[in-house]
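Structure, as structure tokens:
The figures that follow rest on heavy atoms only: side chains count, while hydrogens, waters and symmetry mates do not.
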Amino acid sequence: MELLTSEDFKNTKIQPEWTAMDYLLEVVRVDQEKMQEQTLMNKKKNGGLKRKRRIQEENNKNKRPITSYPPKPMMPEGLKQHIVENMGGSNCVLVIQKQLFFSDVNPQASRLLIPFSQVESHEFLNESEVERLKNKEAIKACLVEPSMEETEINFKMWDMRKKSMYVVTTSWNSIVKNNQLKAEDVVQLWSFRVNSTLCFALQKL
């Protein structure tokens, strides 16, 4: 509580007939008025702070969280140089990066599964190739192995009950053996074009 000053009594009109009790009552009245003014000012101040805090909280809720995305995979320079300079390839596109499962390296299965849900982009195929795959046709393509050996494969599309997937078959067992691929290895499958012909490259990370 603040002490009263002469400034607080500037609006007080002192009457000649006032007694000591009158002066005392006037002091009490002025003191109470001052306390009421201070209380109102504190309420306004606290209300302003609460309102400011509430607005800040609402703004924080509306802010979008900052999301950090992993860097986009890049084709290794050695593989890219082989495709461009030795094969005359272009339009390199990452089809999928995946961890191999036992079923992918099982000799009895002899195929690499590429689930649609994990494919980076389906734009590596042209309209004609999409139609052929939908009609259950296999596309013969050249695949560059991690060892840089070139092998012919069949690229197909399987329609399952609840999901679809691309499949690499033909010579897959030899690719697994030649490059010592095993379950839990992480690989990248890239597509590229040589004179508009679809080709692939497999990279072991």
Side-chain angles (χ1 to χ4, degrees), residues 65-160 162-205:
I66 299 174
T67 306
S68 58
Y69 296 96
K72 187 176 181 180
M74 301 292 291
M75 175 177 281
E77 284 299 320
L79 177 59
K80 187 175 181 179
Q81 184 177 4
H82 176 77
I83 291 172
V84 174
E85 297 182 6
N86 298 342
M87 301 180 66
S90 61
N91 298 330
C92 299
V93 177
L94 179 63
V95 177
I96 189 174
Q97 176 174 309
K98 67 168 289 185
Q99 185 180 55
L100 297 177
F101 294 100
F102 174 74
S103 59
D104 292 315
V105 295
N106 183 2
Q108 296 181 347
S110 187
R111 83 286 184 276
L112 173 66
L113 295 181
I114 307 169
F116 273 24
S117 59
Q118 298 179 36
V119 171
E120 295 287 336
S121 171
H122 296 269
E123 295 181 359
F124 68 94
L125 297 170
N126 59 35
E127 292 182 4
S128 174
E129 291 162 348
V130 171
E131 287 301 317
R132 289 174 60 188
L133 291 173
K134 287 182 177 179
N135 292 330
K136 310 300 182 183
E137 292 183 38
I139 298 176
K140 292 187 181 296
C142 172
L143 181 140
V144 180
E145 301 181 22
S147 62
M148 297 298 180
E149 182 178 345
E150 297 174 17
T151 305
E152 185 178 85
I153 56 129
N154 279 335
F155 190 77
K156 302 178 181 179
M157 184 171 72
W158 286 357
D159 284 320
M160 314 298 284
K162 294 184 179 180
K163 57 185 179 180
S164 299
M165 59 186 68
Y166 298 119
V167 189
V168 173
T169 63
T170 309
S171 305
W172 178 246
N173 278 347
S174 64
I175 294 172
V176 171
K177 184 178 179 180
N178 293 342
N179 298 277
Q180 299 181 346
L181 299 178
K182 59 185 181 299
E184 297 187 1
D185 281 347
V186 178
V187 297
Q188 291 177 340
L189 183 68
W190 295 82
S191 73
F192 61 97
R193 299 278 170 175
V194 176
N195 296 327
S196 74
T197 301
L198 180 64
C199 301
F200 295 95
L202 187 70
Q203 179 69 23
K204 180 180 177 181
L205 301 183

Self-check item: Side chain to side chain, Asn126 and Leu198, heavy atoms closer than 4.5 Å
Solution: no

Quiz item: Just wondering, do Ile96 and Pro115 contact through their side chains at under 4.5 Å, heavy atoms?
Solution: yes

Quiz prompt | Between OG on residue Ser164 and NE2 on residue His122, distance to nearest 0.5 Å | solution = 9.0 Å

Quiz item: Do Asp104 and Arg111 touch side chain to side chain, with heavy atoms closer than 4.5 Å?
Solution: yes

Quiz item: So do the side chains of Ile153 and Ile175 get within less than 4.5 Å of each other, counting heavy atoms only?
Solution: yes

Self-check item: From Trp190 atom CH2 to Gln97 atom CD, the distance as rounded to the nearest 0.5 Å
Solution: 9.0 Å

Quiz prompt | Glu137 atom CD, neighbour heavy-atom count above 12 within 6.0 Å | solution = yes

Quiz item: Going from CD1 on Ile83 to CZ on Arg193, what distance comes out if it is rounded to the nearest 0.5 angstrom?
Solution: 13.0 Å

Quiz item: With a 4.5 Å heavy-atom cut-off, do Leu112 and Leu100 have their side chains touching?
Solution: yes

Self-check item: Residue pair Ser171 / Thr151: nearest heavy atoms and the distance that separates them
Solution: CB-CG2, 3.5 Å

Quiz prompt | The single option from Leu79, Asn91, Val144 passing side chain to side chain contact (heavy atoms under 4.5 Å, CB included) against Phe192 | solution = Val144

Exercise. Flag yes if more than 12 heavy atoms outside Lys80 fall under 6.0 Å of its NZ atom; otherwise flag no.
Key: no

Self-check item: Any donor-acceptor N/O pair, Asn106 side chain to Phe102 backbone, under 3.5 Å
Solution: no

Quiz item: Take atom CG in Asn195; do more than 12 heavy atoms of anything else shown fall under 6.0 Å from it?
Solution: no

Practice problem: Provide the closest heavy-atom pair for Glu150 versus Cys142 in the form atom of the first, atom of the second, distance. | Solution: CB-SG, 3.8 Å

Quiz item: Given Met157 and Phe116, is the side chain to side chain contact (heavy atoms under 4.5 Å, CB included) satisfied, shown in steps?
Solution: CA-CA 10 Å; Met157 184 171 72; Phe116 273 24; 3.4 Å; yes

Quiz item: Distance from Arg132 atom CZ to Leu125 atom CG, nearest 0.5 Å?
Solution: 10.5 Å

Quiz item: So do Gln188 and Leu205 actually touch side chain to side chain, heavy atoms under 4.5 Å?
Solution: yes

Self-check item: Salt-bridge criterion met for Lys136 and Asp159 (N-O under 4.0 Å)
Solution: yes

Quiz item: Can you tell me how far CD1 of Ile139 sits from CD of Glu129, rounded to the nearest 0.5 angstrom?
Solution: 4.5 Å

Exercise. List the steps, then state whether side chain to side chain contact (heavy atoms under 4.5 Å, CB included) holds for Asp185 with Lys204.
Key: CA-CA 7 Å; Asp185 281 347; Lys204 180 180 177 181; 3.4 Å; yes

Quiz item: Taking the six-membered ring for Trp, are Phe124 and Tyr166 ring centroids under 6.0 Å apart?
Solution: yes

Quiz prompt | Nearest heavy-atom neighbours spanning Ala109 and Ser103 | solution = CB-O, 3.6 Å

Quiz item: Considering only heavy atoms from C-beta outward, does the side chain of Gln203 approach that of Pro76 to under 4.5 Å?
Solution: yes

Quiz item: Below 4.5 Å, heavy atoms only, C-beta onward: do Asn178 and Glu149 meet side chain to side chain?
Solution: yes

Quiz prompt | Sidechain-backbone polar pair: Ser147 side chain, Asn179 backbone, donor-acceptor under 3.5 Å | solution = no

Exercise. Measure the CH2-CG distance between Trp172 and Leu113 for me, rounded to the nearest 0.5 Å.
Key: 10.0 Å

